[in-house]
Structure formats: structure tokens, C-alpha cells
2 protein chains.
Amino acid sequence: MSTPSPSAKNRILDAANRLFYGEGIRAVSVDAIATRAGLTKKTLYYHFKSKDDLIEAYLASRDQPNLALFRKWFDEAEGDLADKAEAIFVNLAQSARHPKWKGCGFLRTAAELANMPGHPAMKVGADHKKKFEAWLCEVFGEGRTADPDELARHIVLLMDGAFSTVLVHHDPAYIESAGRAAREVVTNALCTPPKSKAPLR
Amino acid sequence: MSTPSPSAKNRILDAANRLFYGEGIRAVSVDAIATRAGLTKKTLYYHFKSKDDLIEAYLASRDQPNLALFRKWFDEAEGDLADKAEAIFVNLAQSARHPKWKGCGFLRTAAELANMPGHPAMKVGADHKKKFEAWLCEVFGEGRTADPDELARHIVLLMDGAFSTVLVHHDPAYIESAGRAAREVVTNALCTPPKSKAPLR
DNA sequence: ATTGGTATACTATACAGTGAGTATACACCA
DNA sequence: TGGTGTATACTCACTGTATAGTATACCAAT
């Protein structure tokens, strides 16, 4: 075993996830995370060189699981692209009903660290969102949609809007509304090949 | 004169606006605001009973000016409802290019205080967003759109999505993309009266 | 016997909020 | 007119606690 106990670093990351996500970045002290992980602050600082480093690791640990979840929701849905896109929102609305749900950790961290644009965690967050957008782009490109890049952005915007709005109103109905909007823009993109792409303007 | 100097409470609110919006709620100390306002912390506590009280006052001071700005952008735009809706986003994208722009103060505060759902500032933020939605509802109701309530929500979602996404990527092009999506959903709502409202499902 | 991982105990600073007091100004009464 | 009481608006110096991060040392296993 390279790791003597089954844990330590993992326990720290676990505690960081729970506390940073649940309470916010600046609201949570390093002491609190160490205590929650059942070890001392010095041990934490052995594994992570600073609080900023830990914040970055916290976000990085959410990247792949989050993307995988969205893909799963999309893949398991029946129907055409519009149905599958809407399914992501329907599932998200369901998640949002869990009492511990507090929106998107990436967006909330970006909001909290908006005054530190160079913070390493900000890059992790931006990369995560770009990956999600790129994946959407890909699936819309494979289907025969009018402008996959633009469509992917519209879905991303609706998604982030859903996260933010529900954080304000605590009403998952907004996510379902976003889902219907997503269905609508995807359907438009699927149906418009007959028409020329750009409106008159 | 009831107020001996032309300021004090206003200077505090002004400093709070600059610092809370620019740096974040929990990143800014009461000392920092007092110093920025050019008075002592005790004076600040004479006018506001706590930091939480000041946070609430900060958000409340942004409510009407923000709404007025959106209305102005909408009213001054030429064209039909879709043009006017898109105009809000175009103007917002322009604002977002200012170096001091840090997204929506209401959303960022909601993200930061997500662990305190009962915080008085959260209510101020929620009310603000509801007022914006209600106003959209009204203007879409006057035009002959298919489902004004749902349409208003879609615009709100795109707007909050635009705020959040640009906070992550620092690229106002996302706001313009949101504007095109807004134009699209408004246009759909204007054109769909021929069709029955609900899709097959 | 040295390395990886952990702990106790500490430093220095920053934080929200307070105790006690001061200067000004106005209101009411003699 | 002058004196007294009271509210407003403000300051200096402070308290107790929490914060990020560290110095030093211990211990188990290679």
C-alpha cells in the first residue's frame, strides 16, 4: 500500500466537498475541514499546500462525476435530441429537491471568487463548463442540428440559469421550465433545416 | 438640517456597494467598509445594527436602479418584443465589458449565502428577481404572446444564465448568445398562436 | 536510520461587535 | 435670555474569538 490508511487525503477531500459545497468556500475554515475529516490541521497541510490548493482540489474532484451524471441522464432518456436534452433538466430538478442541494458548486465558487480571476480553482471551473459545452456540441453535431455550437451555448445558458434561479427562489419548477425552453430550442434547431439559418435582421 | 453632513449613512452604503459587489460579502470586513467610508466602525454600527443588516441594505439599494436600467434598455429599443428583449442582453453584454463588472450582485450574494436561506438579504434578492419576472410577464401579456408566464421565466433563466456563465468564462459573447436565444423564444411565442399551446407529450 | 504520515502546541493577524465617552444642536421652560 | 435635558452623530480603544499557516516532535515501517 502506498497509502497506509485507506483514507487521509480522501477523507480530507470528502470533508472539503461536504463543507465547501454545503456552506461556501470562505464560510468554511481549514480547521473545520480538518475536524470533519477526523485529523489535525497539520496533517491537512501535509497533503495540501494551502487552502487555495484545497479549494482547487475540491472542484477538480467534482469535474468528472458531474459530467458523467449529465451524460448518464442524457443517454438513458428515450426519444429524440430534444427529449434527451430536456431529460437532463428533469433529472436535475429531481436532484434539486434534496434538502442538501445547494446549486452548482462550480458556479457558486466562481461567484465567491469573482474578485480573484487568477485563482487556480477558477480555471478548474471554467474548464469543467467548457467540457460540458463541448460534449453538448458533439451530440448536437452528430444529430443534424442547424448550429450545434450556438445550440450548445443556449443549453449551457439555460442550465446555469436554472442553477442560479433555483438558488434564489428554492423552487425546482424553474429547472423544469428551463427544460421546456431547452426542448424548444433543440426542436427549433432540428426543424429549421428547411428554412435558411439566419433570420432577416 | 436633520443630517449635519451630506452623507454618513450614504457614504457607508456607497462603500458597501463598491466593496461587497467588487470583492464579495464574506471577503469584505466591516472595518474595510468603515475605512472606505472614511469613518469609524462604531459609527457604522450606529447606522446599521449588524453586518447582516448592512448586507441587506446593500442589496436593497441595488433593487430599483437595476430594474429601472432593464426597463430603460427595453423601452428605448426599436422593433417588436423579440427585438426589445434581445436589446436587454445586448446592453448587458456592453456593461459586462467594463473591468469592474462582476456579474449580478443579487445572484452572487445568493450563491455566497446559500447556507443561510433565512438571511434577510436572501429575501431582498428573491423579491428583486420576482419583480423582474413580473415586469416581463406584464410586457409579454400586453403583446399577444402564447404563454407570458412561461416566456418570462425563460427570459429570466437566460438572463441569470448569462450572468453566471460570463462570471465563469469572462466572455460577454455568452450574453449575446443568450440574447439570440431570448429573441428565438419570444419569436416562437409571438408566432405560435396558430398552433395549440401544449406539445403532444 | 531515514522516510512518510501524524499530532500538540503555537504565532500573528483579522474579525464582528462593544464600552465609555465627546461634540453639536435643538426643544422646552423659567 | 439663559439654562437644562435629550437625541443625534460621531470617535478611540478595547474584547474575545477565529483565522491561515508553522515549529517541533513523535512513531511506525521500510
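From a predicted model like this one, the values you see are computed outputs, not experimental measurements. In what follows, chains are A, B, ... by sequence order, proteins preceding strands, each numbered from 1.
Between the CZ atom of A:Phe48 and the C1' atom of D:dT22 there is a distance of 18 Å, given to the nearest Å. Rounded to whole Å, atom P of D:dA20 lies 14 Å from atom CG of A:Asp53.
A close approach under 4.0 Å does occur between a side-chain nitrogen or oxygen of B:His47 and OP1 or OP2 of D:dC10. Put simply, B:Thr43 has no side-chain N or O that comes within less than 4.0 Å of OP1 or OP2 on D:dA9. Close to C:dT6, at under 4.0 Å from its OP1 or OP2, lies no side-chain N or O of A:Tyr46. Contact annotation: A:Thr40 side-chain N/O to C:dA7 OP1/OP2 distance is under 4.0 Å.
For B:Phe74 and B:Trp135, the ring centers are positioned less than 6.0 Å apart.
In this structure, A:Arg71 has no side-chain hydrogen bond (donor to acceptor under 3.5 Å, both in side chains) partners at least two apart in sequence or on a different chain.
With a 6.0 Å cutoff to the six-membered ring centre and a 45° limit on the axis angle, A:Arg180 does not count as a cation-pi contact of A:Phe89.
Heavy-atom minimum distance, B:Glu176 versus B:Ala93: OE2-CB, 3.8 Å. Taking every heavy atom of both residues into account, A:Cys137 and A:Asp149 meet most closely at SG-OD1, 3.2 Å. Residues A:Glu133 and A:Ala152 share a closest heavy-atom pair of O-CB, 3.8 Å.
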B/S/- contact track for nucleotides 13-23 of chain C, protein heavy atom under 4.0 Å: --SBBBBB---

